[in-house]
Amino acid sequence: MCVCVCVFAAVTWSSGLAGTHAVLQLLRPADHVVALDDLYGGSSRMFHRLAEPAGLQFSFVPMSGDLHELRNALRPDTKLVWLETPTNPLMQVSDIQRIAELVHAMAPGCIVAVDNTFMSPYRQRPLALGADIEFDSVTKYINGHSDVVMGVTMTNSDSLHKRLRFLQFAAGAIPSPFDCFLVNRGLKTLHVRMEAHSANATAVAQYLEAHPAVESVLFPGLESHPGHALHQRQTTGDAGMLSFRVRGGLAEAKAFLSAVQVFILAESLGCVESLAEHPAIMTHASIPPDERARLGITDNLVRLSVGIEDKRDLLLDLQQALERAVPGAYLDVAPFVSARGRADACGRGGEKVVLGRHPEDVHVDGDALPAAESLVATPSARPTQHHSHSSVFSPDPEAKPNKSRSSSRRGSSSGSDIFGADTSLSREPARRSQSKARPQDADIFGESPPPSRPATSTRGQGSRRTDSNIFGGAAPPRQSAEAKDEVVQGTASPRPDTASSTTSSARRPPPGGKSSFMFG
């Protein structure tokens with residue numbers, strides 16, 4: 001009986017791009033590379049501005065559909081095929097197994113490398129589908145906590161593994177021991193996080209697809225996606241990445257990104273926090289405008305990395321941000337929150353609400369709500385601003401501090417947001433309902449505290465109890481500073497108010513001249 005064992009070996013790198021660069025170093029000058037045209041911006045920049053000047057030749061082609069362009073691009077000197085699936089940011093799906101079979105048949109010895117960052121090894125395993133190298137940016141889903149920069153290359157080829165290990169040794173692009181510790185911590189919750197990412201992203205995609213302010217949604221988990229069936233076959237589920245086109249153009253996209261409060265404006269992805277970014281201006285800004293237009297990276301395209309926050313909070317944030325980007329466009333979030341979600345639990349799924357900024361401002365129709373239930377506010381109680389930094393698109397150095405109640409309490413002072421838009425809107429004062437306020441005489445569990453005992457201080461009007469020490473025994477009377485000095489110098493006379501000689505001996509200083517208690 002013959003038993004075949006597949007050995008998967010991995011090499012980690014100090015960053016994701018260091019891992020990409022290591023794969024390119026497996027090649028020789030004048031070797032040919034076929035790469036996907038819809039690439040991560042960092043990979044595209046490395047291929048065009050570092051690898052091509054070093055002598056490598058590149059062909060960029062789409063790799064979805066019938067693969068005829070890939071077939072035409074392959075040459076005898078093609079040594080590497082590099083692809084992503086789903087792609088960044090257009091979420092196109094490529095058939096890894098078909099591509100690997102085609103490449104290995106037409107170009108023997110050619111390496112098929114798959115950037116699996118958008119899915120993680122938990123959701124998609126390219127090596128099992130015929131790829132030679134799986135690459136992941138560990139910074140993203142594998143670590144998942146936004147505190148590590150790292151990359152990893154995995155292979156089931158012993159020769160490729162030895163060459164990559166030598167490159168790691170010779171080039172020195174190794175991660176730090178502490179980063180490795182943090183990644184091992186993140187791996188322990190990868191399966192739990194990916195399930196939460198998937199559930200939230202599916203709800204977000206369904207909500208955006210039905211919203212009147214959205215032109216289209218790019219998410220392979222939707223049945224409307226052209227690669228949905230293929231995506232279902234080669235993965236075990238969805239991740240948290242999706243893109244959508246807001247109705248309008250650059251101004252509407254900026255307005256949306258200026259208004260989000262739960263989503264954070266950032267280029268990264270795959271962490272527990274939800275992130276939003278504008279590919280044309282941020283992650284893919286290095287791609288020439290005509291090339292972006294050809295690929296479909298339009299000015300109204302927004303990319304979301306959906307985190308693991310409460311689903312209702314995420315949908316409410318999208319609701320209020322889209323309403324600001326496209327005034328008058330509104331869609332209730334209640335149908336898109338599961339029966340076990342916070343909407344049904346609170347019984348408030350149908351209000352037209354926006355997120356509040358502070359727990360004390362939380363109210364619906366003027367009625368106070370516990371802050372732990374939902375951070376919502378009436379539509380008239382618009383939040384002030386997000387942060388006090390300048391816009392990455394149109395900085396406003398002349399922005400004056402906002403004198404609102406919120407800025408004085410929270411320290412936020414700018415009247416413009418990160419896109420330069422004026423967001424200095426007043427917030428309606430919070431109104432608390434006396435019926436829902438917690439009684440002042442109750443403890444944190446809602447129970448009445450025991451009646452307080454009157455203090456029997458020996459120091460006049462002081463409120464501090466001095467009739468017992470920390471062990472429950474009787475405490476000696478306190479001495480003045482002058483009396484303590486006399487005791488230290490040995491010139492003190494017996495005090496008339498001393499209760500007994502036992503108490504006096506308790507106050508006698510120990511050898512060495514100090515007169516304080518061990519715990520005092």
Side-chain angles (χ1 to χ4, degrees), residues 16-17 20 23-24 33-49 51-52 58-74 80-96 98-100 102-103 112-119 123-124 126 131 134-137 140 205 215-222 224-228 230-231 234-235 238-245 253 267-270 277-305:
L17 286 173
T20 304
V23 175
L24 294 179
V33 178
V34 178
L36 185 73
D37 57 353
D38 181 22
L39 283 175
Y40 161 58
S43 300
S44 177
R45 180 173 56 246
M46 177 176 289
F47 293 169
H48 283 291
R49 303 181 64 177
E52 281 187 329
F58 282 83
S59 297
F60 295 90
V61 299
M63 296 189 191
S64 57
D66 59 7
L67 303 180
H68 70 278
E69 293 192 53
L70 171 61
R71 184 179 292 104
N72 295 334
L74 291 174
L80 173 66
V81 172
W82 182 279
L83 67 141
E84 303 173 6
T85 181
T87 62
N88 183 3
L90 299 178
M91 306 302 295
Q92 300 179 46
V93 179
S94 301
D95 192 331
I96 299 174
R98 283 185 60 205
I99 291 174
L102 174 65
V103 171
V112 177
V114 179
D115 185 341
N116 197 38
T117 298
F118 265 32
M119 295 302 297
R123 285 303 194 197
Q124 182 171 264
E134 175 188 342
F135 164 80
D136 287 88
S137 175
K140 312 305 192 300
E215 287 184 0
S216 61
V217 179
L218 309 176
F219 180 64
L222 293 175
S224 58
H225 192 281
H228 174 73
L230 171 61
H231 182 72
Q234 67 182 16
T235 68
D238 300 311
M241 298 304 302
L242 63 94
S243 299
F244 73 96
R245 291 186 174 91
E267 291 189 353
S268 190
L269 61 98
E277 67 103 8
H278 192 279
I281 297 178
M282 299 172 67
T283 54
H284 292 69
S286 60
I287 299 177
D290 57 341
E291 182 68 12
R292 289 201 306 266
R294 185 188 68 81
L295 295 173
I297 305 176
T298 56
D299 287 344
N300 64 340
L301 182 70
V302 176
R303 193 192 75 182
L304 300 180
S305 174

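Everything numeric in this text was worked out from a predicted model, so none of it was measured.
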Flag side-chain contact, heavy atom, 4.5 Å: [X] against [Y]:
{"X": "D38", "Y": "P89", "result": "yes"}
{"X": "V112", "Y": "L83", "result": "yes"}
{"X": "T117", "Y": "E84", "result": "no"}
{"X": "L80", "Y": "L24", "result": "yes"}
{"X": "R294", "Y": "E291", "result": "yes"}
{"X": "I96", "Y": "Q124", "result": "yes"}
{"X": "V34", "Y": "M63", "result": "yes"}
{"X": "L36", "Y": "T85", "result": "no"}

Between [X] and [Y], is there a donor-acceptor pair closer than 3.5 Å when you use the side chain of the first and the backbone of the second?
{"X": "Q234", "Y": "S94", "value": "yes"}
{"X": "R292", "Y": "I287", "value": "yes"}
{"X": "R123", "Y": "D238", "value": "yes"}
{"X": "S286", "Y": "R45", "value": "no"}
{"X": "H284", "Y": "N88", "value": "yes"}
{"X": "S305", "Y": "G270", "value": "yes"}

[atom1]/[X] to [atom2]/[Y] distance, rounded to the nearest 0.5 angstrom?
{"X": "D66", "Y": "D95", "atom1": "CG", "atom2": "CG", "answer": "12.0 Å"}
{"X": "H48", "Y": "L39", "atom1": "NE2", "atom2": "CG", "answer": "8.0 Å"}
{"X": "D136", "Y": "N116", "atom1": "CG", "atom2": "CG", "answer": "5.0 Å"}
{"X": "F118", "Y": "L269", "atom1": "CZ", "atom2": "CG", "answer": "5.5 Å"}
{"X": "E69", "Y": "S64", "atom1": "CD", "atom2": "OG", "answer": "9.0 Å"}

Practice prompt. For the pair V93 and H225, evaluate side-chain contact (heavy atoms from CB on, under 4.5 Å) and give the outcome as yes or no after the intermediate values.
Written response: CA-CA 9 Å; V93 179; H225 192 281; 3.9 Å; yes
Which pair of non-hydrogen atoms, one from [X] and one from [Y], has the smallest distance, and what is that distance?
{"X": "L301", "Y": "H278", "answer": "O-CD2, 3.8 Å"}
{"X": "L70", "Y": "V61", "answer": "CA-CG2, 4.1 Å"}
{"X": "R303", "Y": "S268", "answer": "NH2-O, 3.4 Å"}
{"X": "I297", "Y": "A280", "answer": "CG2-N, 4.1 Å"}
{"X": "G221", "Y": "H228", "answer": "O-CE1, 3.3 Å"}
{"X": "A253", "Y": "V302", "answer": "CB-CG2, 4.2 Å"}

Worksheet item: M241 pairs by side-chain contact (heavy atoms from CB on, under 4.5 Å) with which of K140, M119, M91?
Response: M91
Item to complete: Describe, in one word, how the ring planes of W82 and F135 are oriented to each other, choosing from parallel (under 30°), tilted (30 to 60°) and perpendicular (over 60°).
Response: tilted
Worksheet entry | Residues T298 and R245: side-chain donor-acceptor under 3.5 angstrom | yes
Practice prompt. Assess whether side-chain contact (heavy atoms from CB on, under 4.5 Å) is satisfied between Y40 and L17, documenting all intermediate values.
Written response: CA-CA 11 Å; Y40 161 58; L17 286 173; 4.1 Å; yes
